[in-house]
Amino acid sequence: MSSLALRLTSRVLPRAFNASLKSKNIWSKVVPSACLNAFPPSSVDNTLRFFSDSHDDFATKRKPVDSEDEAMNMIKEHVEGNRVMLYMKGKPAQPMCGFSAKVVGALKKEGIDFSSVNVLDYPQIREGVKKYSDWPTVPQLYVNGEFIGGCDIVMDLHEQGELAEILKDKEK
């Protein structure tokens, strides 16, 4: 811990806790002894971590994509099987880039339910969707199997009120 961080914590945290931060092993002062026996300080390397060995029922279900052909078939199934399909970086609840966040925001303002794929989880899908649409960037929006566009196009359509019309027309 840097000296600046120690100085800041000394103003905010009680002295006993602050002293434990200065010691080499903070776990003996902060973590109850029962926990220390189960997870000795050397096993956690003085950092808090999430456990990756949780039960398989809680693991993300991801179908591995092994080839470009498999990726293209999967993209075709997504686009044809979902009325509104968005390929984006991140998830709608937590976009991982500003462009994806803008498109998600526009779709939410329109009150549209949509399906999405986080291309960061699937490198083959990330590259395949660019070939599928012949569009070089992500995010990409599809409505009833038709490619609508990327962030700039979707935002222009949204600002002009045309996105609502496209989504409404395609709904029928």
Side-chain angles (χ1 to χ4, degrees), residues 5 27 30-31 35 38-172:
W27 298 105
V30 179
V31 179
C35 292
F39 304 104
S42 60
S43 71
V44 292
D45 191 30
N46 288 343
T47 57
L48 296 175
R49 296 190 180 154
F50 292 102
F51 296 99
S52 62
D53 59 345
S54 101
H55 194 274
D56 287 342
D57 287 347
F58 301 106
T60 304
K61 307 290 189 246
R62 294 185 185 141
K63 182 180 176 187
V65 181
D66 298 322
S67 69
E68 186 177 326
D69 289 338
E70 187 178 352
M72 295 302 269
N73 289 334
M74 191 178 286
I75 292 165
K76 185 176 180 181
E77 288 175 19
H78 291 161
V79 168
E80 292 176 355
N82 296 286
R83 194 174 87 70
V84 180
M85 184 72 209
L86 177 64
Y87 289 92
M88 62 180 289
K89 293 179 182 176
K91 301 173 185 174
Q94 188 175 15
M96 299 300 288
C97 88
F99 300 113
S100 293
K102 285 182 179 182
V103 173
V104 167
L107 291 173
K108 286 183 177 181
K109 285 180 184 173
E110 299 294 345
I112 297 298
D113 290 330
F114 61 95
S115 300
S116 68
V117 171
N118 180 0
V119 298
L120 298 176
D121 288 340
Y122 302 96
Q124 291 282 2
I125 297 290
R126 183 179 185 173
E127 294 307 313
V129 75
K130 294 173 185 178
K131 291 178 182 176
Y132 186 84
S133 63
D134 196 25
W135 190 260
T137 60
V138 172
Q140 293 185 10
L141 180 65
Y142 295 82
V143 178
N144 287 345
E146 182 183 337
F147 176 62
I148 301 301
C151 180
D152 291 341
I153 293 172
V154 171
M155 294 310 297
D156 285 344
L157 291 171
H158 173 66
E159 289 167 4
Q160 296 169 6
E162 294 177 32
L163 182 60
E165 291 175 24
I166 290 170
L167 295 168
K168 189 176 182 180
D169 290 343
K170 300 288 182 178
E171 193 171 19
K172 294 177 181 178

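Note that the structure is predicted; figures quoted are calculated from it, not measured. Values below: all heavy atoms of this structure, side chains included; hydrogens, waters and symmetry mates excluded.
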Do [X] and [Y] come within less than 4.5 Å of each other through their side chains, counting heavy atoms only?
X: Phe114; Y: Leu141; answer: no
X: His158; Y: Lys109; answer: yes
X: Glu80; Y: Met85; answer: no
X: Val129; Y: Val79; answer: no
X: Val104; Y: Met88; answer: yes

- Task: Would you please classify the geometry between the Tyr142 ring and the Tyr87 ring as parallel, tilted or perpendicular, with 30° and 60° separating the classes?
- Result: perpendicular

Looking only at heavy atoms, which two atoms of [X] and [Y] are closest? And how far apart?
X: Gly90; Y: Met96; value: CA-CG, 3.4 Å
X: Pro95; Y: Ala93; value: CD-C, 3.8 Å
X: Lys89; Y: Val138; value: N-CG1, 4.2 Å

Rounded to the nearest 0.5 Å, what separation is found between the [atom1] atom of [X] and the [atom2] atom of [Y]?
X: Asn82; Y: Glu77; atom1: CG; atom2: CD; result: 10.5 Å
X: Leu163; Y: Ile153; atom1: CG; atom2: CD1; result: 12.0 Å
X: Ser100; Y: Asn118; atom1: OG; atom2: CG; result: 8.5 Å
X: Glu68; Y: Asn73; atom1: CD; atom2: CG; result: 11.0 Å
X: Leu107; Y: Leu86; atom1: CG; atom2: CG; result: 6.0 Å
X: Gln124; Y: Met72; atom1: CD; atom2: CE; result: 11.0 Å

- Dump the intermediate steps for side chain to side chain contact (heavy atoms under 4.5 Å, CB included) on Ile112 and Arg83, then the final yes or no. CA-CA 10 Å; Ile112 297 298; Arg83 194 174 87 70; 4.1 Å; yes

Step through the shown structure and confirm whether more than 12 heavy atoms of other residues, nucleotides or ligands are within 6.0 Å of [atom1] on [X].
X: Phe147; atom1: CZ; result: yes
X: Lys130; atom1: NZ; result: yes
X: Gln94; atom1: CD; result: no

- Show your reasoning for whether side chain to side chain contact (heavy atoms under 4.5 Å, CB included) applies to Asp156 and Glu162. CA-CA 8 Å; Asp156 285 344; Glu162 294 177 32; over 6 Å; no

- Item | side chain to side chain contact (heavy atoms under 4.5 Å, CB included) assessment of Ile75 paired with Ile125 | CA-CA 7 Å; Ile75 292 165; Ile125 297 290; 4.0 Å; yes

- Query: Would a distance-only check, ignoring hydrogens and angles, find a side-chain to backbone donor-acceptor pair under 3.5 Å from Gln140 to Trp135?
  - Reply: yes

- Message: Tell me whether Lys168 is salt-bridged to Glu165, with the criterion being a basic N under 4.0 Å from an acidic carboxylate O.
- Response: no

